[in-house]
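Working notes, structure below.
Here the structure is a predicted model, which means the values were calculated and not measured.
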Amino acid sequence: MIIADIIPEECGEWIEASDNYGLERIFLVAPTTSDERLTITAKATRGFVYAASRMGVTGMQKEIAPSTASLVERTRAAGARNVCVGIGMSNREQAYEVGQYADGVIVGSAIIRGLIDNEGDRARSLRQVRSLTTDIASGAHSPKERS
């Protein structure tokens, strides 16, 4: 479960409840997150750490910020076992790029856009979302390039 506006130090009841019910705890990190906070977040997370590819609100973007790969690397160095990247992911090329260094790609706004862009035509909306998710998955699941 992702609760975007909560930090590990202020959610003792949530941590206890997630332990009691076997829920994964997904905390967020951002490009401006300090190394100390990355360690705190990695330790409190169970599941994966959500690495925000940029600061600001969610939504599709044309390119991935250059600092994203570094954020994933720093988060792993702080102890995170799995790091997934979100905010702005909307196409195969982005998913491929992020898939080279992250454990997963998080897509939200692009899927919502696909659901609402078709003037109430549910079947067309679902076809659009299926096409989008298939495209993104093919990028994310592409083999990693060897350096």
Side-chain angles (χ1 to χ4, degrees), residues 1-11 13-15 17-18 21-35 37-38 40-42 44-147:
M1 181 173 285
I2 299 170
I3 303 176
D5 294 332
I6 197 168
I7 59 173
E9 299 91 336
E10 296 178 359
C11 66
E13 289 180 28
W14 160 235
I15 289 175
S18 66
Y21 292 98
L23 298 172
E24 303 294 328
R25 292 187 297 268
I26 314 304
F27 290 102
L28 281 73
V29 296
T32 57
T33 303
S34 70
D35 289 343
R37 172 135 310 276
L38 287 174
I40 292 166
T41 303
T45 296
R46 190 171 63 211
F48 64 88
V49 175
Y50 186 132
S53 66
R54 63 183 164 95
M55 301 300 293
V57 297
T58 63
M60 296 181 287
Q61 61 184 336
K62 292 184 180 186
E63 55 189 44
I64 306 303
S67 62
T68 306
S70 171
L71 175 60
V72 170
E73 183 178 312
R74 290 176 49 230
T75 305
R76 281 201 184 107
R81 290 178 39 180
N82 297 299
V83 183
C84 298
V85 173
I87 301 187
M89 305 298 112
S90 61
N91 61 51
R92 182 189 192 291
E93 291 75 22
Q94 291 170 333
Y96 176 79
E97 178 184 338
V98 169
Q100 296 301 303
Y101 53 81
D103 299 299
V105 177
I106 302 165
V107 182
S109 297
I111 292 172
I112 299 302
R113 176 66 43 215
L115 291 171
I116 63 175
D117 273 353
N118 292 298
E119 301 173 8
D121 184 336
R122 183 175 176 203
R124 189 166 56 174
S125 291
L126 293 175
R127 284 192 302 274
Q128 183 173 335
V129 168
R130 181 180 183 174
S131 176
L132 171 71
T133 56
T134 300
D135 186 54
I136 290 171
S138 71
H141 292 242
S142 294
K144 294 189 186 315
E145 296 176 9
R146 297 190 187 266
S147 46

Is the CD atom of E9 crowded by more than 12 outside heavy atoms at less than 6.0 Å? yes
Less than 4.5 Å apart, any side-chain heavy atom of Y50 and any of I87? yes
dist S125:OG -> I111:CD1 (nearest 0.5 Å) comes out at 13.0 Å
Partners of D121 by side-chain contact (heavy atoms from CB on, under 4.5 Å), sequence neighbours excluded? N118, A123, R124
Give the minimum heavy-atom separation between A42 and A78, together with the two atoms involved. CB-O, 3.7 Å
For a quick test of reading the model, state the closest non-hydrogen atom pair linking F27 to I6 and the distance between them. CD2-O, 3.8 Å
Taking D135 for its side chain and N91 for its backbone only, find out whether a donor-acceptor pair lies under 3.5 Å. no
Might you work through the side-chain contact (heavy atoms from CB on, under 4.5 Å) test for I26 and F48, ending with a clear yes or no? CA-CA 6 Å; I26 314 304; F48 64 88; 3.6 Å; yes
Taking C-beta and beyond as the side chain, do L71 and L38 meet within less than 4.5 Å on heavy atoms? yes
Any side-chain to backbone donor/acceptor pair from D103 onto V83? Under 3.5 Å, distance only. yes
By side-chain contact (heavy atoms from CB on, under 4.5 Å) - contacts of E73 (at least two apart): none
May I ask you to decide if L23's main-chain N or O and R46's side chain share a donor-acceptor pair within less than 3.5 Å? yes
Hey, is the main chain of W14 close enough, under 3.5 Å, to the side chain of S18 for a donor-acceptor pair? yes
Over all heavy atoms of both residues, which pair between A52 and P31 is shortest? Give the atoms and the distance, please. O-CD, 3.4 Å
Calculate, to the nearest 0.5 Å, the distance between atoms CZ and OG1 belonging to R81 and T75 respectively. 15.5 Å
Quick check on side-chain contact (heavy atoms from CB on, under 4.5 Å): which of V85, I106, V98 does S53 satisfy it with? V85
Check whether any side-chain N or O of R25 sits under 3.5 Å from a backbone N or O of A44 as a donor-acceptor pair, and report yes or no. yes
Side chains of T68 and Y101, heavy atoms from C-beta outward: is any pair under 4.5 Å? yes
Do you know which two heavy atoms are closest between R92 and S138, and how far apart they sit? NE-OG, 3.2 Å
Is the shortest heavy-atom distance from the side chain of P8 to the side chain of R37 under 4.5 Å? yes
For the NE2 atom of H141 and the OH atom of Y96, what is their distance to the nearest 0.5 Å? 14.0 Å
Checking the side chain of T33 only, and the main-chain atoms of A30 only, is there a donor and an acceptor separated by less than 3.5 Å? yes
